[in-house]
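Single-structure report; data block below.
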Amino acid sequence: QVQLVESGGGSVQAGGSLRLSCAASGHTYATYCMAWFRQAPGKEREGVASISDTGLTFYADSVKGRFTISRDTASTLSLQMNSLKPEDTAIYYCAARVGASCPPSFRSYYYWGQGTQVTVSS
């Protein structure tokens, strides 16, 4: 089992920045993909960014150029969010799966954090 704990959410005005962190513990595998998803009220959970064990990153079109995903350590994941927009408001989840690939669908991920709220006001 892998436990994931997010931190760093909060409220910010449009144009501001936030940094989310995710700490992984438990039986962590040497090869796994980690990702950030988000879910706004009434919407399906969507992928925001992912990073493979080799550092290969992927971003949703809606956040390209504004968000940066990184592995600070082997078991710590971050998401730097700049130029935030009201439409970025959602609960953000850290997720992980065993394997080198990072599928786009949330259904492919085995482990999830509890989520952290991000609210961007206009």
Side-chain angles (χ1 to χ4, degrees):
Q1 284 286 353
V2 175
Q3 292 79 44
L4 303 174
V5 179
E6 303 100 334
S7 61
S11 297
V12 65
Q13 289 192 326
S17 298
L18 284 172
R19 184 177 181 88
L20 305 183
S21 295
C22 174
S25 60
H27 182 45
T28 54
Y29 293 90
T31 301
Y32 55 97
C33 164
M34 297 192 77
W36 289 98
F37 288 80
R38 67 186 181 187
Q39 188 165 20
K43 294 188 177 182
E44 188 171 82
R45 192 169 296 190
E46 64 174 0
V48 174
S50 63
I51 184 165
S52 72
D53 64 313
T54 59
L56 184 66
T57 59
F58 172 84
Y59 296 93
D61 288 342
S62 59
V63 307
K64 277 181 184 176
R66 301 188 296 122
F67 290 11
T68 302
I69 189 171
S70 61
R71 287 182 187 263
D72 300 327
T73 68
S75 58
T76 306
L77 180 73
S78 293
L79 183 69
Q80 178 65 43
M81 305 186 294
N82 298 329
S83 301
L84 283 161
K85 304 176 181 180
E87 50 263 43
D88 294 320
T89 295
I91 299 174
Y92 283 70
Y93 297 91
C94 174
R97 72 183 301 273
V98 175
S101 66
C102 293
S105 172
F106 68 89
R107 296 179 178 84
S108 299
Y109 290 78
Y110 315 137
Y111 306 109
W112 291 89
Q114 80 287 354
T116 186
Q117 177 70 47
V118 171
T119 302
V120 184
S121 57
S122 57

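Just so you know, these numbers come straight off a predicted model, no measurement behind them. Every heavy atom of this structure was used, including side-chain atoms; hydrogens, water molecules and symmetry mates were not.
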Q | Set of side chain to side chain donor-acceptor pair (under 3.5 Å) partners for T119, sequence neighbours left out | A | Q117
Q. M34, V2: one ILVMFWY side-chain cluster at the under-4.5 Å cut-off?
A. yes
Q.
Test of understanding: clusters of I, L, V, M, F, W, Y form through side-chain heavy atoms closer than 4.5 Å, transitively. Do V48 and Y111 belong to the same one?
A. yes
Q.
Please find the pair of heavy atoms, one from I69 and one from W36, that lie closest to each other, and give the distance.
A. CD1-CD1, 3.7 Å
**Q.** Residues that, via side-chain heavy atoms closer than 4.5 angstrom, fall in one hydrophobic cluster with F58
**A.** none
Q) Which residue pairs pass the salt bridge (Lys or Arg N to Asp or Glu O under 4.0 Å) test with at least one member in residues 75-88, sequence neighbours excluded? A) R38-D88, R66-D88
Q.
Taking S52's backbone N and O only, do any of them form a donor-acceptor pair with R71's side chain (distance below 3.5 Å, no angle check)?
A. yes
Q) Any donor-acceptor pair under 3.5 Å linking the side chain of Y109 with the backbone of P103? A) yes
Q. For S17, what residues pass the side chain to side chain contact (heavy atoms under 4.5 Å, CB included) criterion, not counting sequence neighbours?
A. Q80, N82
(Q) Enumerate the salt bridge (Lys or Arg N to Asp or Glu O under 4.0 Å) contacts for residues 3-16, please, sequence neighbours excluded, ordered by first and then second residue. (A) none
Q: Could you tell me which residues satisfy side chain to side chain donor-acceptor pair (under 3.5 Å) with S101, sequence neighbours excluded, listed by chain and number?
A: R97
Q) Going from CZ on F67 to OG1 on T57, what distance comes out if it is rounded to the nearest 0.5 angstrom? A) 14.5 Å
Q.
List the residues meeting side chain to side chain contact (heavy atoms under 4.5 Å, CB included) with S70, not counting sequence neighbours, and say none if there are none.
A. R19, D72, S78
**Q.** Option passing ring-ring contact (aromatic ring centres under 6.0 Å, His included) with F37 (candidates Y93, W112, Y92)
**A.** W112
Q.
What's the separation between atom CD1 in I91 and atom OG1 in T116, rounded to the nearest 0.5 Å?
A. 9.0 Å
Q. Shortest non-hydrogen contact from M81 to V118?
A. CE-CG2, 3.9 Å
Q. With S122, which residues qualify under side chain to side chain donor-acceptor pair (under 3.5 Å), at least two apart?
A. none
Q: Would you list the pairs meeting disulfide (SG to SG under 2.5 Å) in which at least one residue belongs to residues 52-122, sequence neighbours left out?
A: C22-C94, C33-C102
Q) Please, which pairs that meet salt bridge (Lys or Arg N to Asp or Glu O under 4.0 Å) have at least one residue in residues 73-84, sequence neighbours excluded? A) none
(Q) Could you see if V120 belongs to whatever hydrophobic cluster contains Y59? Use Ile, Leu, Val, Met, Phe, Trp, Tyr and a side-chain cutoff under 4.5 Å. (A) yes
**Q.** Apart from L56 itself, residues in the same hydrophobic cluster as defined by side-chain heavy atoms under 4.5 Å
**A.** none
Q) Taking only residues two or more places apart in sequence or in another chain, which ones pass side chain to side chain donor-acceptor pair (under 3.5 Å) with S83? A) none
Q: Indicate if L4 and Y110 have the same hydrophobic cluster label, given that clusters are the connected sets of ILVMFWY residues with side-chain heavy-atom separations under 4.5 angstrom.
A: yes
